[in-house]
Student: 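One structure, pasted below without further comment.
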Protein chains: 2
Amino acid sequence: MSAQSSLTPIDIAKLRNACSTCSVRELCLPAGLDLQELAQVDKMVNRRRPVRRGDYLYRAGTELQSLYAIRSGFIKSAVLHEDGREQVAGFHMTGDLLGLDAISAGRHLCDAVALEDTEVCDIPFALLERLAREIPSLQSHFNRIMSREIVRDHGVMLLLGSMRAEERLAAFLLNLSQRFATRGYSSTEFNLRMTREEIGSYLGLKLETISRVLSRFQQEGLIQVRNRYLKINDADALRRLVGHCES
Amino acid sequence: MSAQSSLTPIDIAKLRNACSTCSVRELCLPAGLDLQELAQVDKMVNRRRPVRRGDYLYRAGTELQSLYAIRSGFIKSAVLHEDGREQVAGFHMTGDLLGLDAISAGRHLCDAVALEDTEVCDIPFALLERLAREIPSLQSHFNRIMSREIVRDHGVMLLLGSMRAEERLAAFLLNLSQRFATRGYSSTEFNLRMTREEIGSYLGLKLETISRVLSRFQQEGLIQVRNRYLKINDADALRRLVGHCES
DNA sequence: GCGGCCTTTTGATCCATGTCAAGACTCGTG
DNA sequence: CACGAGTCTTGACATGGATCAAAAGGCCGC
């Protein structure tokens, strides 16, 4: 199916570059593209865009133009209630693909805000659909990405529906830890990019509860926290806390 | 793109039949298929399968073979914790497509159990992917279905994360009501297919709470309940209760 | 039609988390 | 360097929903 075996080292380097520089390894690396396909993908994803801390990547209600792959940085997505409350739907980091929920209605249903200076790759959705039509493995991979998002959401539902505050926060920290590890950063030491309030919103808890539970974890020696800095001392203990509920 | 204009009345009848009899109007109706495509879809979806009340459609851990479109009946999907607790992830009725979360890992991650005698259409996933490759509008539609599932999940997350018991139950009843209406049934009078415990699991509440809130709604004249029978007297009041949080 | 099991209702009490409030810390800016 | 806004911590108290318990009602097989 693929002409992968005919790739020269230069092609491979180019491919690797196209993927890693644009954080679409998520999207194209496992797809097994040939040279021509590569050129197409190259064209598609070579539209970088910086988003400064506090700026919106997109807002609820706007038309879906592109999906966005995070090249670097940190973004939260959130739905806004009419009464001003906001519910954080997810935190996204390097390599994550944003905007999937907009495909359904053709317009975004949540806001995406950068929590630190961020660079994304702009992936025009129409172009992606067209390309995926021509490159079956790309389509197949895209299906899996969508499905993975559904699985992730089910995990959050489980967390919100059946875990207590301590369990939720432990699960959250472990999840962050693991995602940093996957990206080559320390799994035990990192800076939170979000406020206690945002964590609380995501976990269905109030900011005071987040603060209290973090303090308790620290007292018990499981972690060290100071403001946004966080160090995990005893990941196993956290895992035991989460106990029977893995997402 | 499509040869739709060349369809004879007979073809159209056949198409309508293929769709309505198998509850894949969800999947194929909006796709604008031509005759040959129709034949292919026909082949794909003409595998019906009955599932008796209490039986599993699939179990967590089993390999993904097919997606399932519900032709009639009622199915719950649930993830099982190691400790035996279960978390209901969704209730599904006629026309719904099940199994999307399995695409990610190639195996099912939750159980699907029939809450009443049910008939589903078996849609081999490999075949669906192949067909979608040949019929762009089918692929496009499938993307939207996946996205819609993500949107639905976000709605549940919002409900679990930021609504109180009364609001959750009101939202749940309105959602059921609306889905029955869409399918041509009464929006105000229907039988619940699930136990209080299952509702509670879905909404992140205990069965006693469900029972109590239902009783309270009844006292206030919003609904009438007797066992599984439910009648909505004042949908507007329920909507006001849910207030600012629409999913 | 009876007996047993599952589901539902309702009451009493408890507890985890929310709410309210005060003060401390942090960081960016004038 | 001081100020002020935003963020975080901690305490006291309130409360929604969980838990425990008992009894009633419905359903199914015999």
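Every chain is numbered from 1, with letters handed out A, B, ... down the list of sequences. Computed over heavy atoms, backbone and side chain alike; hydrogens, waters and symmetry mates excluded.
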Student: Between F91(A) and Y202(A) (judged by ring centroids, cut-off 6.0 Å), do the two rings come close enough to count as a pair?
Tutor: yes

Student: With sequence neighbours excluded, what pairs up with R216(A) under the side-chain hydrogen bond (donor to acceptor under 3.5 Å, both in side chains) test?
Tutor: E166(A)

Student: Using nucleotides 2-4 of chain C, report all nitrogen or oxygen pairs with the protein that are shorter than 3.5 Å.
Tutor:
none

Student: Which residues in residues 191-200 of chain B have a heavy atom closer than 4.0 Å to any atom of DNA chain C?
Tutor: T195(B), R196(B)

Student: Quick one: what's the B/S/- string for nucleotides 10-20 of chain D, heavy-atom cutoff under 4.0 Å, read 5' to 3'?
Tutor: BBB----SSBB

Student: Mind listing the closest non-hydrogen atom pair of A78(B) and E86(B) along with its distance?
Tutor: CB-OE1, 4.1 Å

Student: Can you measure from CE (M194(A)) to NZ (K76(A)) and round to the nearest 0.5 angstrom?
Tutor: 10.0 Å

Student: Could you work out, with ring pair (Phe, Tyr, Trp, His ring centres under 6.0 Å) as the rule, every residue matching Y68(B), not counting sequence neighbours?
Tutor: Y58(B)

Student: Can you name the residues that form a salt bridge (Lys or Arg N to Asp or Glu O under 4.0 Å) with R212(B), not counting sequence neighbours?
Tutor: none

Student: Check residues 100-116 of chain B and write down every donor-acceptor pair under 3.5 Å in which the side-chain atom is one partner and the other belongs to a residue at least two apart or another chain.
Tutor:
unit_1, atom_1, unit_2, atom_2, d
R107(B), NH1, G61(B), O, 2.5
D111(B), OD1, A60(B), N, 2.7
E116(B), OE1, R193(B), NE, 2.9

Student: Decide side-chain contact (heavy atoms from CB on, under 4.5 Å) for R49(A) and E119(A); before the verdict, give the C-alpha distance in whole Å, the side-chain angles of both, and the deciding distance to 0.1 Å.
Tutor: CA-CA 6 Å; R49(A) 175 174 153 194; E119(A) 194 177 46; over 6 Å; no

Student: Atom CG of L160(A) to atom P of dT17(C): distance rounded to whole Å?
Tutor: 13 Å

Student: At under 4.0 Å between heavy atoms, how does the protein contact nucleotides 23-30 of chain C? Give one character per nucleotide, 5' to 3', with B, S or -.
Tutor: --SS----

Student: Would you give the length of the straight line joining atom CD of E197(B) to atom CD of E208(B), rounded to the nearest 0.5 angstrom?
Tutor: 9.0 Å

Student: Of all residues at least two apart in sequence or in a different chain, which pass the salt bridge (Lys or Arg N to Asp or Glu O under 4.0 Å) check with E189(B)?
Tutor: none

Student: Identify the two heavy atoms, one from R168(B) and one from L159(B), that lie closest to each other, and give their separation to 0.1 Å.
Tutor: NE-O, 3.5 Å

Student: Who pairs with E220(A) by salt bridge (Lys or Arg N to Asp or Glu O under 4.0 Å), at least two apart in sequence or on another chain?
Tutor: none

Student: What distance do L173(A) atom CG and I223(A) atom CD1 have between them, rounded to the nearest 0.5 Å?
Tutor: 6.0 Å

Student: Taking salt bridge (Lys or Arg N to Asp or Glu O under 4.0 Å) as the definition, give me every residue that meets it alongside K206(B), ordered by chain and number, with sequence neighbours left out.
Tutor: none

Student: For the helix from dG1(C)-dC30(D) to dG30(C)-dC1(D), what angle lies between the axis at the first five pairs and the axis at the last five pairs, to 10 degrees?
Tutor: 50°

Student: Using a strict threshold of under 4.0 Å (side-chain N to carboxylate O), is an ion pair present between D96(B) and R183(B)?
Tutor: yes

